[in-house]
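See below for the structure under consideration.
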2 protein chains.
Amino acid sequence: MSETAAMQIDSKRATTATDVAERAGVSQSAVSRCFTPGASVSARMRAQVMQAADALGYRPNLIARSLITKRSGMIGVVVGNVAQQLYPGTLQALATRLQAEGYRILLFTAPPDGPADPALEQIIAYQVDALVLAAADLSSKLAEQCRAAGIPVVLYNRTVRGQTASSVTCTNHAAGIEIAALFAAGRHRRPAFIAFDPAASTSRDRERGFRAGCRAHGLPDPIVEVGASGDAGARRAITSLLSRPNRPDAVFCPFDQMAIVAMDVARYDFGLSIPNDVSIVGFDDAPPAAWPSYQLTTYAQPVAAMVDATAQLIVEQLADPQARLRQVQVPGHLVLRQSCRLPRSQEPTR
Amino acid sequence: MSETAAMQIDSKRATTATDVAERAGVSQSAVSRCFTPGASVSARMRAQVMQAADALGYRPNLIARSLITKRSGMIGVVVGNVAQQLYPGTLQALATRLQAEGYRILLFTAPPDGPADPALEQIIAYQVDALVLAAADLSSKLAEQCRAAGIPVVLYNRTVRGQTASSVTCTNHAAGIEIAALFAAGRHRRPAFIAFDPAASTSRDRERGFRAGCRAHGLPDPIVEVGASGDAGARRAITSLLSRPNRPDAVFCPFDQMAIVAMDVARYDFGLSIPNDVSIVGFDDAPPAAWPSYQLTTYAQPVAAMVDATAQLIVEQLADPQARLRQVQVPGHLVLRQSCRLPRSQEPTR
DNA sequence: ATTTTTTTTGCATGCGCATGCAAAAACATT
DNA sequence: AATGTTTTTGCATGCGCATGCAAAAAAAAT
């Protein structure tokens, strides 16, 4: 009776290193060593242990291991809105990369409303080895607190004032300049920019570059409209722009989703032809940019390279906690498609 | 000298419950109790401890806690291709929901190539409390192994033979029937279906429903083409379909991305008009389906409800490991837009 | 065959915390 | 004031594993 009960409990219990040791007739530490790469074990012992381990279906408990090694093997990734823009691709790439590196991803999403730091407590309490902040509009407080707690932080696609964390971004400023040059080359006269959250460094840098580029190429200062909070905001902004008495003939949208909305509004609400009546340029080179219905000219973010840099920064900081913080900028490139008028001489590449 | 070194080490070390106890002049267990909801602590002690904890910036180490409670508070989520289709939205919703429930998400992505089970070892070793499998084309072996290891598994948007796990899907079969009915009502004559991975239950169920519906409504058996492996496969499949001598006049694509590709090919490669020359219906109601350029008629998957059901199943199984496995089917609904011809009498709703 | 060197193994300990148990303290009852 | 009752607290222990240290075994050198 009670024996049966005990056996049931036993069968529920996960098999531990001690169980394996017992069955193999060796010590628990021997088992541990067999599962620790680079430990000193004889071939015979290893075979013996492995056989017992297989028979019992043993897997080392990584939680227990973390407790000792002080490495959880988990990287926290905080994403604002997973569903938008380039984050799905980034997440995929990041996950693949970090998994290859032997890390697991602990995913946190920021609540859609308000910049409230998400389960901040959780993040620190969970002993993540490092943190990737991939939310353009997330409070920078989180980064600081983690840093104070000794957790390396890498900002993805954003920067923060005061060098409290490493960051990886695209060459946002240069991109803005380049796009202004493109507009100038296509003989546009009235540039415009739809700003995202003004607190987001990414949007700010692109805007600043764009302004500088306009000035440098003899264009007037761009008309700026704010198009925050998703498609609705973008719709409002582009509508406002196109309703102006002398409407812009070249609109730079700081990410593709916004540009897509802009194209749809221009075409279907205003009956405009792109790029004849108005040119629209996006940012990111998200998948829909290449769809035949849009053929969006856009500035491609080098996601693979950015993810790579992110992983590298993490590994670097983990290896040496004293490592200097770095702001990595990865160059992107313009992808010419059909949504922006070009100088006569130039054919769209690709 | 060595004192300084020692202090540095100390300052690196995270503060533990024992540190707090020392400072507050109480026992470590008292500290533990203060951070354990529902434990017996006097108000005075709590205040005393909390003050010390604040001063030291103490946070309980969840890893250590897990070791004792045998609950990691983590839910493993395995996703095939994060970047595609409805997964971003799902992931967002799931993360939000599970976070609200007090769980963290440990994210695993299946390698894009081959059905190789990803870091399976990792998943079990990491003591996740439960596992959500949201990869339509992932081997079902993983589910079985986890179940054997005593980890509750919930299949999201797919099922598996032999009741080895709970699952949450949309009413795929009924949806197939409904779409056949829609085609019949619109006086289509030559239905077609583009199959996804034939191993994926989701694609199979939709196809079976569609076939049944065609039969029931006096339509011929659908022409079936396989369009696996992403956009390229879809492109090949739809091209093949539209190249046929008597090409189909109604194509059902088992998810929106495929339908989008189909629309683009039909329009731009074949110069066809949608829905006059050919009707196209998708599945999921992903964001692009609503974009003006597509106006895709599609069967909406009730993501919120499905995520809800998933969370509920998990909570249920965690509360009672003996709980019966359940196959939950959440009803979706047809969203009529412009990509499918309707009977004269009917105007597109919405 | 003996000593020295190297490798392999077991023992003991502790990571940070939760929890059963018994002692102590606070409170309620007669 | 003394007893019984409830609450609060500390002590001790262990979760599953890695790791320093010393004993044991194997290999190399004399």
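A, B, ... follow the sequence lines: proteins, then strands. Residue 1 opens every chain. Note that the coordinates shown come from a computational prediction; the quantities given were computed from them, not determined experimentally.
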Under the side-chain hydrogen bond (donor to acceptor under 3.5 Å, both in side chains) rule, what do Ser29(A) and Ser27(A) come out as? Steps first, then yes or no, please. CA-CA 5 Å; Ser29(A) 28; Ser27(A) 75; 3.1 Å; yes

Decide yes or no on side chain to side chain contact (heavy atoms under 4.5 Å, CB included) for Leu62(A) and Arg104(A), but give the supporting numbers first. CA-CA 11 Å; Leu62(A) 293 195; Arg104(A) 267 76 46 195; 4.2 Å; yes

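Regarding contacts with the backbone of dG16(D), a side-chain N or O of Lys70(B) is found under 4.0 angstrom from either OP1 or OP2. Within the 4.0 Å cut-off from OP1 or OP2 of dC17(D), not a single side-chain nitrogen or oxygen of Arg65(A) is found.
Sorted by first then second residue, the side-chain hydrogen bond (donor to acceptor under 3.5 Å, both in side chains) pairs that include residues 39-58 of chain B, not counting sequence neighbours, number zero.
In this structure, Gln28(A) places its CD atom where more than 12 heavy-atom neighbours from other residues, nucleotides or ligands lie under 6.0 Å away.
Residues Leu325(A) and Arg147(A) form a side-chain contact, since some pair of their non-hydrogen atoms from C-beta on lies under 4.5 Å apart. Contact check for Pro60(A) versus Arg65(A): side-chain heavy atoms found under the 4.5 Å cut-off. Within the 4.5 Å cutoff, side-chain heavy atoms of Val49(A) are placed close to those of Val20(A). With a 4.5 Å cut-off on side-chain heavy atoms, Leu91(A) and Leu107(B) count as touching.
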With both pairing distances under 3.5 angstrom for Watson-Crick or G-U wobble, and | for a partner in another strand, the correct string for DNA chain C is ||.||||||||||||||||||||||||.||

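Residues from residues 41-49 of chain A lying near DNA chain C, meaning a heavy-atom separation below 4.0 Å, are Val41(A), Ser42(A), Met45(A) in numerical order. DNA chain C is contacted by Val26(A), Ser27(A), Ser29(A), Ala30(A), Arg33(A) of residues 25-36 of chain A, taking any non-hydrogen atom closer than 4.0 Å.
Protein atom CD of Glu22(B) is 17 Å distant from nucleotide atom C1' of dC11(D), rounded to whole Å. dG16(C) atom P lies 7 Å from atom CG of Leu67(A), rounded to whole Å. Remark: C1' of dC17(C) and CZ of Arg59(B) are 17 Å apart, rounded to the nearest angstrom. For the pair Leu62(B) CG and dA18(C) C1', the computed distance is 13 Å after rounding to whole Å.
The side chain of Asn61(A) has dC17(D) as its nearest neighbour among dC17(C), dT8(C), dC17(D).
When heavy atoms are screened at a 4.0 angstrom cut-off, Thr16(B) is found touching the sugar-phosphate backbone but no base atom.
Residue whose closest nucleotide on DNA chain C sits further toward the 5' end, between Tyr58(B) and Ile68(A): Ile68(A).
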Using residues 303-319 of chain B as the side-chain source, report each donor-acceptor pair under 3.5 Å to any protein atom, sequence neighbours left out, with the distance given to one decimal.
unit_1: Asp308(B); atom_1: OD1; unit_2: Arg97(B); atom_2: NE; d: 3.1
unit_1: Asp308(B); atom_1: OD1; unit_2: Arg97(B); atom_2: NH2; d: 3.4
unit_1: Asp308(B); atom_1: OD2; unit_2: Arg97(B); atom_2: NH2; d: 3.4
unit_1: Thr310(B); atom_1: OG1; unit_2: Met306(B); atom_2: O; d: 2.8
unit_1: Glu316(B); atom_1: OE1; unit_2: Arg326(B); atom_2: NH1; d: 2.7
unit_1: Glu316(B); atom_1: OE2; unit_2: Arg326(B); atom_2: NH1; d: 2.9
unit_1: Gln317(B); atom_1: NE2; unit_2: Ser166(B); atom_2: OG; d: 2.8

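For the pair Ala53(A) and Phe35(A), the tightest heavy-atom approach, listed with the atom from each and the gap, is CB-CZ, 3.9 Å.
With sequence neighbours excluded, no residue forms a side-chain hydrogen bond (donor to acceptor under 3.5 Å, both in side chains) with Glu144(B).
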